[in-house]
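What follows is a short report on a single structure.
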Amino acid sequence: MKFLIVFVALFAVALAAPAEIVKQESDVEPEGFHYVSETSDGTYQTADGKLKDVGTEHEAIVVHGSYSWVDEKTGEKFTVTYVADENGFQPEGAHLPKPQQ
C-alpha cells in the first residue's frame, strides 16, 4: 500500500509541468537596478530601484515594482503594484483591502 501511495505521488509530480522562464532581464548599477521576469504559467514581476539622497545620512533605496500571477483554479489574473522605501512596503491591488482614511 505504501508503495502505491509513493508511486501515485511521484506520478503526480511528474505530470505537473514546471513553469519555464520565458523572459528574464536584470541590470544592476551602483545607484540602482532594473529587473524583469516572466514564466510560462503567467507569473510576471518587475522592479526598478534607485538610491535617493546619495551620500547623505538619509540615503535610501526606493523600489517601484509589480508582480502578477494567474490563479490555477479560476484563471483569474492578480496584480500587485508597490513602492518600497523609507516608509516600508506599500502594496496596491484590486484584490487587496484599501486602508481607511
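Contact check for Tyr44 versus Val22: no side-chain heavy atoms found under the 4.5 Å cut-off.
Hydrophobic clustering (side-chain heavy atoms under 4.5 Å, transitive across Ile, Leu, Val, Met, Phe, Trp, Tyr) groups Val63 together with Val28. If you chain together hydrophobic residues whose side chains sit under 4.5 Å apart, Ile21 and Tyr67 never meet in one group.
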Checklist entry - Should Asp27 and Glu25 be marked as a side-chain contact (heavy atoms from CB on, under 4.5 Å) after you check the CA-CA gap, both sets of side-chain angles, and the distance that decides it? => result CA-CA 7 Å; Asp27 183 25; Glu25 300 173 5; over 6 Å; no

Which side-chain N or O atoms in residues 46-53 pair as donor and acceptor under 3.5 Å with protein atoms at least two apart or in another chain?
| unit_1 | atom_1 | unit_2 | atom_2 | d |
| --- | --- | --- | --- | --- |
| Thr46 | OG1 | Tyr35 | O | 3.1 |
| Asp48 | OD1 | His34 | ND1 | 2.5 |
| Lys52 | NZ | Glu86 | OE1 | 3.3 |
| Lys52 | NZ | Glu86 | OE2 | 2.9 |

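Within the model, atoms CD1 of Ile61 and CD of Glu31 stand 10.5 Å from one another, a figure rounded to the nearest 0.5 Å. To the nearest 0.5 Å, the span separating CD on Gln24 from CD on Glu38 amounts to 11.5 Å.
Below 30°, between 30° and 60°, or above 60°: for Phe89 and Tyr82 the angle between ring planes is between 30° and 60°, a tilted geometry.
Residues satisfying the side chain to side chain contact (heavy atoms under 4.5 Å, CB included) test with Lys98, not counting sequence neighbours, are none.
Put simply, the side chain of Glu92 never gets that close to the backbone of Gln90: no donor and acceptor are under 3.5 Å apart.
In terms of heavy-atom proximity, Ser40 sits nearest to Ala19 at OG-CA, 3.5 Å. What you find for Gly75 and Val70 is that their closest heavy atoms are O-CG1, 3.5 Å.
Glu72 CD: 12 or fewer foreign heavy atoms inside a 6.0 Å radius.
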